[in-house]
Amino acid sequence: MQKYDPHEIEPRWQTVWEATGANSVTETDGGTAAVDKPRYYALEMFPYPSGDVHMGHVRNYSIGDVISRYKRMQGFDVLHPIGWDSFGLPAENAAIKQGSTPAAWTYANIDRQRASLRRLGFSYDWSRVVVTSDVDYYRWGQWIFLKFWEMGLVERRSSPVNWCPSCLTVLANEQVLGDGVCWRCKSRVERKELEQWYFKITDYAQELLDDLELLKGSWPERVRQMQANWIGRSTGAEVDFTLCDAAGEPTRETITVFTTRPDTLFGCSFFLLAPEHPLVREFVVGTPFEARALRVIDAATSSTAVERSKGEREKHGAPTGRFVVNPINGDKVPIWIADYVLMDYGTGAVMAVPSGDERDFEFARTYGLPIPPVVVAEDDPLYATLQGQAERVQEEVPWTEAYAGEGIMVQSGPFTGQKGGKDSEGAQAVIDALAARGQGRATVNFRLRDWLISRQRYWGNPIPAIYCDSCGIVPVPYEDLPVVLPMDIDVIKNESLASREDFLAVDCPVCGRPARRETDTMDTFTCSSWYYLRYTDPHNNGAPFAPEQVNAWMPVDQYIGGIEHAILHLLYSRFFTKGLRDAGLLNFSEPFTRLLTQGMVKLNGETMSKSKGNVVAPEDMIASYGADALRIFILFMAPPDKDLEWEEKGLAGIYRFLVRIWRMVHDLVGAADEETLYEGVSGGASEGGSQSISNAFESTSSGETIGPAAREAAAVLQRERHRVVGKVTEDVERFNFNTAIAAIMELANAVGDYLRLASSAARAADPERLAADHEVAEVLVKLLAPLAPHFSEELWQGVLGKTATDSVHTQAWPISDPALALAPTVELAVQVNGKVRGHIEVALDAPEETVRAAALAAVAAQMGSAEPRKVVVVPGKLVSVVV
RNA sequence: GGGGGUGUGGCGGAAUCGGCAUACGCAGCGGACUUAAAAUCCGUCGCCGCAAGGCUUGAGGGUUCGAGUCCCUCCACCCCUACCA
């Protein structure tokens with residue numbers, strides 16, 4: 001018997017599988033002909049080539065590989081691709097640090113990661129690799145940009161953004177550190193008004209929200225909730241307030257606000273504008289209010305969006321000296337500037353109702369503004385006081401905080417007495433009254449903002465636009481694509497696309513005169529928003545993908561990745577899918593039918609990270625125990641969606657498990673010899689010895705038949721086999737890989753019990769026995785095939801005597817016969833008053849009366865003279881006696 | 001503040017529909033084998049107790065013949081999100 005040597009076995013099978021195209025899909029003629037196998041698209045989020053493969057990748061890709069291999073054995077034609085998300089800022093930073101170019105650094109990392117993924121034995125179709133920084137890919141990203149532009153989904157407009165004056169680029173909010181400095185150079189980030197490119201994802205806000213319903217049950221609830229919150233739909237009303245001139249007289253102009261509580265309109269005692277609101281300066285310049293107002297504006301605008309939301313909650317504001325008229329009651333209320341009003345939500349203007357809104361309440365207290373109560377809880381003493389009161393109370397309410405809940409409207413003119421609250425009858429009544437006068441209307445607001453996609457960065461996909469002095473901003477014609485990104489930009493010398501004349505210079509496609517190219521590149525999230533579509537047709541030279549290919553494979557049946565992408569990547573991908581559908585290129589609306597978000601791999605309760613110096617390198621683990629053991633271990637230690645605690649001893653245990661199976665399979669088919677059968681484990685740090693041991697073989701008179709205890713063990717094994725096949729199948733379907741592996745271990749334990757009792761000589765002498773044993777060995781190896789592919793293939797072809805054309809990975813998944821999993825008798829627990837007091841063994845099909853009698857007899861002693869009041873018989877489980 | 005989640009032995013975890021809590025593994029302990037060690041194999045392993053027995057799924061209550069699981073109250077921790085009008 002050969003020793004289990006993963007270091008020899010694993011590379012050998014990897015080479016064979018690649019040479020035979022074992023992991024490619026079976027369709028042959030471009031996917032147009034019907035394939036008799038059902039298709040299955042298994043996808044893991046592709047890696048960013050930031051360095052070596054880490055344990056998070058191993059976990060992510062192990063999950064995907066088990067699903068892929070399992071589905072293949074179930075008879076599916078499986079698409080299981082891999083690629084690299086290779087544009088992005090880290091490449092530029094690393095290039096500067098290492099004196100290299102982003103391209104050189106990126107492609108070197110891809111090569112290293114590719115080698116690691118190969119060593120792990122993942123069943124990728126290596127002929128379909130997609131690398132987003134390859135021109136063959138990103139040119140189609142440009143094509144999609146143009147398509148979206150054509151559809152009106154691209155917009156170039158001005159808005160306040162985070163700007164790093166040292167890096168000379170806009171930064172995403174998450175790239176601004178908590179104290180308002182650039183994550184890379186630590187210089188102070190500024191708010192700047194800049195023209196940028198946007199994708200109008202808000203056009204799809206409602207559909208992106210509605211379609212989350214389609215994903216119910218197949219996406220984690222958490223992710224659906226996060227997306228729903230992010231989209232943030234609010235129902236309410238727009239209300240038009242009439243603006244007064246500097247003298248305080250009403251004009252014909254109005255300012256519109258959005259509110260979710262029109263029922264509180266009578267409680268509006270002041271009116272707020274965001275510091276960035278264009279009207280603010282107009283109001284205060286040259287007035288006594290100017291100095292104070294400017295201080296508030298400066299303080300608010302110099303801080304970043306992040307700072308403004310994370311800093312202390314103290315509210316700052318200043319009066320503008322102007323007034324508006326409340327359309328519902330004609331009240332003239334002052335306009336203030338407030339730093340908690342956001343310019344980019346709603347209209348940038350807010351009607352303040354301090355009695356009904358916590359923030360307005362705080363602001364009113366700070367600046368001594370009135371707090372008239374308008375919606376009061378019925379059981380609040382204030383309700384009784386105000387109910388019949390004719391005169392309006394503008395003074396402070398006796399509350400210490402605003403009341404934002406449901407209640408009854410008071411001091412609200414004709415609406416007094418109606419129910420108030422969010423989406424209440426009162427709210428609807430107020431909307432109707434406003435609408436009748438043309439001063440308001442029901443509306444819906446979303447928190448979702450348009451997607452700012454332009455970056456002043458070199459290492460990204462160039463935006464295909466041209467600036468012409470006479471024609472303005474012009475799209476690059478489709479036939480002129482790709483706009484090729486120069487690979488040799490010297491980021492160390494601070495070179496950029498803007499400094500490259502050969503890139504910049506272009507003739508205007510409309511008028512033919514000299515023009516300049518756009519030098520901004522696209523956010524890398526645009527690259528990852530459609531890569532899964534390209535996998536279905538990765539070498540297409542005439543289009544991003546052919547409709548028949550993409551529609552045949554998509555949507556992805558199972559998507560697997562980290563929870564950190566719960567919002568951005570997954571939302572952007574959903575948007576792209578809907579956009580491309582509306583472009584007529586796709587016939588589906590959601591890209592990922594099922595989503596699994598895997599947990600993190602931790603060490604001593606902490607996330608592994610280079611900076612903490614607690615990284616466990618997969619390559620080291622492969623070197624010690626092999627890829628198969630590593631894969632099983634990472635799946636065994638926790639359910640896939642939970643964080644898992646790394647423990648090297650656990651990995652050694654899995655290695656021992658594999659060695660044990662290795663021996664058992666040899667033993668079952670009579671390929672083991674006493675000399676080597678129980679040889680020591682040679683993995684890890686220890687050297688193996690070669691001591692054989694004598695087993696407690698049951699002695700038989702002739703040595704040619706197995707004894708009664710062994711026969712019983714064989715019967716148990718047979719039942720275990722069917723039970724475990726059923727259990728593993730169920731568990732893999734549910735992604736409970738940890739319990740699937742535990743079940744295989746249980747089968748191994750049954751095999752061990754059997755082998756210990758039945759001598760190899762006795763087994764060899766009985767052809768029927770030998771055939772049954774061989775079958776058990778095959779089942780064991782097949783169950784392990786998705787988990788430990790090399791190990792299983794070696795046993796399949798090397799020990800079970802199968803041929804190379806008969807790979808274990810093309811075998812049919814084993815079938816369980818539930819009837820054969822059942823023992824002839826079952827043991828039932830007998831409870832007396834809820835406590836287990838005894839056990840009985842009864843025939844599987846024993847009638848209830850028999851079971852009942854046996855149970856009562858078994859606990860007669862415990863019951864004493866007491867008469868049973870009630871007896872509950874739960875077939876196959878227990879008998880519960882009440883006395 | 002809002003949303004989501006988690007709490008079970010020394011540790012990772014199991015219990016899928018309300019039915020014998022602690023499967024499977026790790027660590028530990030005892031034994032066999034060995035000059036010895038490693039490895040392997042066998043046994044043991046929730047807590048208290050010499051035992052009989054009692055107790056045990058974050059705490060407390062409830063429903064039920066029966067609750068880790070369902071309901072109520074509370075505690076702790078984690079994640080996400082946040083001046084969204």
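We name chains A, B, ... by the order of the sequence lines, and we start the count at 1 in each one.
- Remark: A/Arg594 engages A/Gln558 in a side-chain hydrogen bond (donor to acceptor under 3.5 Å, both in side chains) (not counting sequence neighbours).
- Base contact: A/Asp731 has a heavy atom under 4.0 Å from a base atom.
- Partners of A/Glu647 under the side-chain contact (heavy atoms from CB on, under 4.5 Å) rule, at least two apart in sequence or in another chain, are A/Lys649.
- In this structure A/Asp641 satisfies the salt bridge (Lys or Arg N to Asp or Glu O under 4.0 Å) test with no other residue, sequence neighbours excluded.
- RNA chain B contains the following stems of three or more consecutive Watson-Crick or G-U pairs, with both distances under 3.5 Å: B:1-7 with B:75-81, B:10-12 with B:24-26, B:28-32 with B:40-44, B:46-48 with B:53-55, B:58-62 with B:70-74.
- Every residue meeting the side-chain contact (heavy atoms from CB on, under 4.5 Å) condition with A/Ala228, not counting sequence neighbours, appears here in chain and number order: A/Leu209, A/Leu212.
- Taking A/Glu827 as the reference, A/His839 meet the side-chain contact (heavy atoms from CB on, under 4.5 Å) condition, with sequence neighbours excluded.
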Just list the side-chain donor-acceptor pairs under 3.5 Å for residues 727-736 of chain A, sequence neighbours left out, or say none.
{"from": "A/Lys727", "atom 1": "NZ", "to": "A/Asp731", "atom 2": "OD2", "distance (Å)": "3.3"}
{"from": "A/Thr729", "atom 1": "OG1", "to": "A/Val725", "atom 2": "O", "distance (Å)": "2.6"}
{"from": "A/Thr729", "atom 1": "OG1", "to": "A/Trp813", "atom 2": "NE1", "distance (Å)": "2.9"}
{"from": "A/Glu730", "atom 1": "OE1", "to": "A/Arg734", "atom 2": "NH2", "distance (Å)": "3.4"}
{"from": "A/Asp731", "atom 1": "OD2", "to": "A/Thr739", "atom 2": "OG1", "distance (Å)": "2.9"}
{"from": "A/Asp731", "atom 1": "OD2", "to": "A/Ala740", "atom 2": "N", "distance (Å)": "3.3"}
{"from": "A/Glu733", "atom 1": "OE2", "to": "A/Tyr70", "atom 2": "OH", "distance (Å)": "2.7"}

Tabulate below the donor-acceptor pairs under 3.5 Å that side-chain atoms of residues 868-878 of chain A make, not counting sequence neighbours, or state none.
none

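- Under the ring pair (Phe, Tyr, Trp, His ring centres under 6.0 Å) criterion, A/Tyr572 pairs with A/Trp451, A/Phe525, sequence neighbours left out.
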Report summary line: Letter by letter from the 5' end, nucleotides 52-70 of chain B scores (B base, S sugar-phosphate only, - none; protein heavy atoms under 4.0 Å) --SS---------B-----
Dump every N/O contact between nucleotides 27-30 of chain B and the protein below 3.5 Å, one line per pair.
{"from": "B/rA27", "atom 1": "OP2", "to": "A/Arg656", "atom 2": "NH2", "distance (Å)": "3.4"}

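- Nucleotide B/rG13 holds its P atom 11 Å from the CZ atom of A/Phe633, rounded to whole Å.
- Phosphate proximity of B/rC84 to A/Arg449: absent, as no side-chain N or O sits under 4.0 Å from OP1 or OP2.
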Protein N or O to nucleotides 42-49 of chain B N or O, pairs below 3.5 Å:
{"from": "B/rC42", "atom 1": "OP1", "to": "A/Arg756", "atom 2": "NH1", "distance (Å)": "2.4"}

